[in-house]
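Values below: every heavy atom of this structure, side chains too, minus hydrogens, waters and symmetry copies. Quick note: residue numbers are just sequence positions, from 1. Both ligands and their constituent atoms are indexed starting at 1 by order of listing.
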Amino acid sequence: MTTETPPTTAGQGSPHEPVPMYGTDFAADPRQVYDENRPRGTAVPVELAPGVEATLILGYDAALEVLRDPGSFPKDGRAWEKTVADDCPVKPVMAYRPSCLYADGERHARLRSALQDPLGRIDVIDLRRHVEETADSLIESLAVRGEADLVGEYARVLVASVFTRLFGCPPELAERVILALSRIIDVEQAAEANMMLTEALADLVLLKRREPGPDVASWMMAHPARLTDQEMMDSIALFFGFGTEPQHSLIANGLRLLLTDDRFAGDLSGGNLAIEDALDEILWTDPPLANLGFSFPVRDTDFAGTRLPADRPVLVSFAAANTDPSRAAGSRVGNRAHLAWGAGPHTCPAKRPARLIATVAIERLLDRFPDMEVAIDPAELRWRPGPFHRSLTALPVRF
Ligand code: HEM
């Protein structure tokens, strides 16, 4: 998001001083920021971008309470939107779109069912094969070089290719979608890339209306929810926008842990078990969507000893809730009570395919390059600034 430098990350001054969640300090060590601010309460004032105030929920129980109460914490932020500038860097994520992420009640249930049912139709054997084939061909192209950036040259490309296959994009359309997705991350190119993605997805909707096939886009179209073309577009955009980002971060964050943490690093040949354990650990400690679950109370609300003003966004810190000291006891391995997939009505509908894609992507790479190592001092790895994601800028390795 923005790289503007905030005054401080701690926000320990007055109890009302907002904690900046932008800039490189927050990106470098968000955990420290959560921990330093826990004494202020479970709901703390934050700034998502310069001048854009919100409340961040840090505690596990409070997070569940917010996520499970859409009546008090609705998702439609159109009143808030009027108060922020058009070029506000968090607006593209939080501004209302007619897709399920921004809807509540019956409308949410209808739009969500048109995503969830098609996701449930994905054949896991086919999906595994898709991911294996995509991973293997990428790995072969990297093998001759002996070095690679696993974020830009592996995780991102793999996820974009798998998604376009799931959606039945013919090669030319897939290329346009993949190019747009690769540029969307760059603030300078984001607007143009967004336009490119929108146009490519519009063409995909037209194509699937004409020639449906055995793919997620066609299943969405045939769903009894009877999505309009606009709803189809926004729902597919949500899939790509909200699916690909956390998906490649899960792969990259998992690889980083496996390659740099002694608890896992000695065990790369141990195969699947080490990978599953590493993914569990990431979902607890470095969830790819670190802070989201945004809502916009329509009236002033008293919550956990804090007054939440009407129309000021409330975000849930899945990362802080997962590491809430009052809850974080015992082993994390095999324990899936974390909030990395959210909770309540908007919980991620793609947990199973997402986890499978990450497992297979990591497995193929480590099988092929068991001696792979991070090419720089792991302390030098950098995280993308911004309040929402926990995402490496690059993961350079040699093998
Ligand atoms: C195949 C890949 C993925 C797809 C297609 C996907 C899709 C979606 C969609 C459509 C939603 C909105 C659901 C609703 O509003 O009812 C959602 C929510 C969510 N997803 Fe995923 N997702 C994927 C991967 C991931 C990954 C890897 C993570 C992180 C581990 C993740 C974490 C979340 C979270 C935390 C939410 C809740 C957001 C909120 O409450 O605001 N997703 N996902």
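Nearest protein heavy-atom neighbour of atom 9 (C) of ligand 1: Pro349 CD, 3.5 Å. Closest to atom 40 (O) of ligand 1 among all protein heavy atoms lies Gly293 CA, 3.5 Å. The protein heavy atom nearest to atom 29 (C) of ligand 1 is Ala340 O, 3.7 Å. Among all non-hydrogen protein atoms, the one lying nearest atom 42 (N) of ligand 1 is Cys348 SG, 3.2 Å. Closest protein heavy atom to atom 38 (C) of ligand 1: Leu292 CD2, 3.9 Å.
Each of Asn322, Thr323, Asn291 was compared with Ser317 under the side chain to side chain donor-acceptor pair (under 3.5 Å) criterion, and only Asn291 meets it. The side chain to side chain donor-acceptor pair (under 3.5 Å) test with Asp215 singles out one residue from Lys208, Arg165, Arg121, and that residue is Lys208.
Taking a cut-off of under 4.0 Å to the non-hydrogen atoms of His108, the atoms of ligand 1 that pass are 14 (C), 15 (O), 16 (O). The contact set between ligand 1 and Lys75, taken as ligand atoms under 4.0 Å from a residue heavy atom, comprises 41 (O). Close contacts of ligand 1 with Gly342, meaning ligand atoms under 4.0 Å from a residue heavy atom, involve 35 (C). Listed by number with element, the atoms of ligand 1 under 4.0 Å from a non-hydrogen atom of Phe239 are 5 (C). Listed by number with element, the atoms of ligand 1 under 4.0 angstrom from any heavy atom of Phe318 are 35 (C). The ligand atoms of ligand 1 that sit less than 4.0 angstrom from a heavy atom of Leu238 are 10 (C).
Look at Pro288 and you'll find a heavy atom under 4.0 Å from some atom of ligand 1. Residue contacts with ligand 1 include Phe163, since one or more of its heavy atoms lies under 4.0 Å from the ligand.
At a 4.0 Å heavy-atom cut-off, ligand 1 touches Pro246 through backbone and side chain alike. When non-hydrogen atoms are compared, ligand 1 lies under 4.0 Å from the backbone of Leu101 as well as from its side chain.
Using a 3.5 Å distance cut-off with no hydrogens or angles, the side chains of Arg256 and Asn253 do not pair a donor with an acceptor. There is a side-chain donor-acceptor pair under 3.5 Å between Arg384 and Ser391.
Looking at Arg226 and Glu231, no side-chain N of the basic residue comes within less than 4.0 Å of a carboxylate O on the acidic one, giving no salt bridge. Remark: Arg156 engages Glu245 in a salt bridge, criterion side-chain N to carboxylate O under 4.0 Å.
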### Phe163/Phe240 under ring pair (Phe, Tyr, Trp, His ring centres under 6.0 Å): CA gap, chis, key distance, verdict
CA-CA 7 Å; Phe163 268 56; Phe240 276 88; 5.7 Å; yes
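For atom 2 (C) of ligand 1, the candidate residues are Met94, Lys351, His346, Gln247; the nearest heavy-atom contact is made by Gln247. Between atom 10 (C) of ligand 1 and the options Leu289, Leu283, Leu115, the minimum heavy-atom separation is to Leu115.
By the 6.0 Å and 45° rule, Arg390 stacks over the aromatic ring of Trp383. Because its NZ or CZ atom is not both nearer than 6.0 Å to the ring centre of Tyr102 and within 45° of the ring axis, Arg97 does not count as a cation-pi partner of that residue. Cation-pi geometry between Lys75 and Phe296 is not met: the NZ or CZ atom fails to fall both under 6.0 Å from the ring centre and inside 45° of the normal.
Within 6.0 Å of CZ on Arg209 lie more than 12 heavy atoms contributed by other residues, nucleotides or ligands.
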